[in-house]
Amino acid sequence: MNETEADKAGKTALAYQAERTAQPEKNGEVFSLREAHNLVSDLMTPNPWIYWTDFLFNIVVGWTAFFTALMSPLFSLWQIGAYMIAVLALYRAAIFVHELAHLKKGTFQTFRVVWNCLCGIPFMIPSFTYDGVHNDHHRRDVYGTLGDGEYLPFATRKPREMVGYVLLSFILPLLLLARFLLLTPLSYLIPPLRKIVWERASSLTIDPNYKRSVNAIRNDHNWRQQELATFLFSFAIVSLIMLEVIPFSVLVLWYLVAVMVFILNSLRTLAAHAYRNPGEQPMSHAEQFLDSVNVPGNPLITPLWAPVGLRFHATHHLFMNMPYHNLGKAQRRLVNGLSDNSLFLTTMRDSLWDALTRIWQESARATNASRKMHHIE
């Protein structure tokens, strides 16, 4: 698909979005952000006890299940069950990196250190890899554009690109291990490589063309120490395995848990937005909100694949600094309290399957439309 065709396909995919956002905004029909803020203004303060309890419970359960799976008979029910528990608990613990990116600068510093030591460093995702980068995703002039590393216009592209994005989960753990174990020391020995590693291999994003800017740091100004600690951890583990002090199965299980965590997160990411913007032009605030998705779902099942409040992703994009533990309450207040909640309800999906089906179908329609235009031309 050449650039002209991509633009046309993008416009086709954005047609519905334009009808529901740009025009209503001109007519003053989009719900009032001031009204919405007044409904939830008392929900903006994070509760440290909830953060600590939630994270510590899940990280302890996760690592306990990990070592239980490691020591259980191969493919036994004990091992399979422990593996599933480890994946879900460690996935929830890992997603706290999203909260760290949003917490007020200078706060939760001890929590940040503990999270990195118990979760971020062992999984090769220290918090600096998300800090600053994710905040750009919430900037009005960046969201959905070519400068947004967390956005790709999947709805305007071929469905197979979404499949490729999910399958990338199988090599991500190995890439992260190589980044910290090999590229970290090499980048200090080869100065030109240092700039490349920072720009191309230091960010948790979905766009492979994303280049991290020099100043893309908000909280983690100690990122060099985090990077060194991750290198030392990976070096120690690999060395102990090579010396046969710890079994190779530790690395295998780490890989299998990490792969499943990344698969779950990739599916959640695909369900988080409509991904309709081709990227050349920024979107209005109303368009950005309506391009995001809420999946309230089942309160027991949905948090397993969209933990730490991420099932309320559209609401999060309205109030990005709202702590995760208040997003559900905010969602209910907005649905029931807005004088006109019709546009708010357009962000709702019934389930993960519903969200993925919609973006898949829209991608297929955009692809077919592009092919027809190509044949006409």
Novice: Step through the shown structure and confirm whether more than 12 heavy atoms of other residues, nucleotides or ligands are within 6.0 Å of CZ on F235.
Specialist: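 Check fails, neighbour count at 12 or below.
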Novice: Less than 4.5 Å apart, side chain to side chain, heavy atoms only: is that true for E227 and P126?
Specialist: no
Novice: With a 3.5 Å distance limit and no angle check, can you tell me whether W254 reaches the backbone of P122 through a side-chain donor-acceptor pair?
Specialist: yes
Novice: Measure the spacing between NZ of K158 and CG of N368 and express it to the nearest 0.5 Å.
Specialist: 11.0 Å
Novice: Set out, in order, the CA-CA distance, both residues' side-chain angles and the distance that settles side-chain contact (heavy atoms from CB on, under 4.5 Å) for N219 and Q109, then state yes or no.
Specialist: CA-CA 9 Å; N219 257 309; Q109 291 303 302; 3.9 Å; yes
Novice: Mind checking what makes side-chain hydrogen bond (donor to acceptor under 3.5 Å, both in side chains) contact with S202, not counting sequence neighbours?
Specialist: R179
Novice: Given 3.5 Å as the limit, does a donor-acceptor pair link the side chain of S239 with the main chain of A236, or not?
Specialist: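 No, S239 side chain to A236 backbone: no donor-acceptor pair under 3.5 Å.
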Novice: If you measure only the distance, is there a donor-acceptor pair under 3.5 Å linking the side chains of D340 and S342?
Specialist: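 Short answer, yes.
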Novice: One pair to check against side-chain contact (heavy atoms from CB on, under 4.5 Å): T315 and L334. What are the steps and the verdict?
Specialist: CA-CA 9 Å; T315 304; L334 293 169; 4.1 Å; yes
Novice: Which pair of heavy atoms, one from L100 and one from R112, lies closest together, and at what distance?
Specialist: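 Residues L100 and R112, closest heavy atoms: O-NH2, 2.9 Å.
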Novice: Given the rule in the ring pair (Phe, Tyr, Trp, His ring centres under 6.0 Å) test, do Y51 and H325 qualify, once you have shown the distances and angles that lead to the verdict?
Specialist: CA-CA 9 Å; Y51 277 75; H325 54 78; 5.8 Å; yes
Novice: Can you tell me if CG on L243 sees more than 12 non-hydrogen neighbours from other groups inside 6.0 Å?
Specialist: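 Correct, the count exceeds 12.
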Novice: Please confirm whether the backbone N or O of Q288 pairs with a side-chain atom of D291, one donor and one acceptor, at under 3.5 Å?
Specialist: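 Checking the backbone N and O of Q288 against the side chain of D291, no donor-acceptor pair under 3.5 Å is found.
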Novice: Apply the hydrophobic cluster definition, ILVMFWY joined by side-chain contacts under 4.5 Å directly or through others, and give me every member besides V61.
Specialist: F57, I85
Novice: Apply the ring pair (Phe, Tyr, Trp, His ring centres under 6.0 Å) test between H102 and each candidate in H137, H317, H138; give the one that qualifies.
Specialist: H138
Novice: Using the salt bridge (Lys or Arg N to Asp or Glu O under 4.0 Å) rule, take E287 and R276 through it: C-alpha gap first, then chi angles, then the decisive distance, then the call.
Specialist: CA-CA 10 Å; E287 288 175 321; R276 295 185 176 114; over 6 Å; no
Novice: Keeping to residues at least two apart or across chains, list the side chain to side chain donor-acceptor pair (under 3.5 Å) pairs with something in residues 87-96.
Specialist: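 Listed once each, the pairs are D54-R92.
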Novice: What heavy-atom pair brings P173 and Y255 nearest, and what distance separates the two atoms?
Specialist: CB-CD1, 4.0 Å
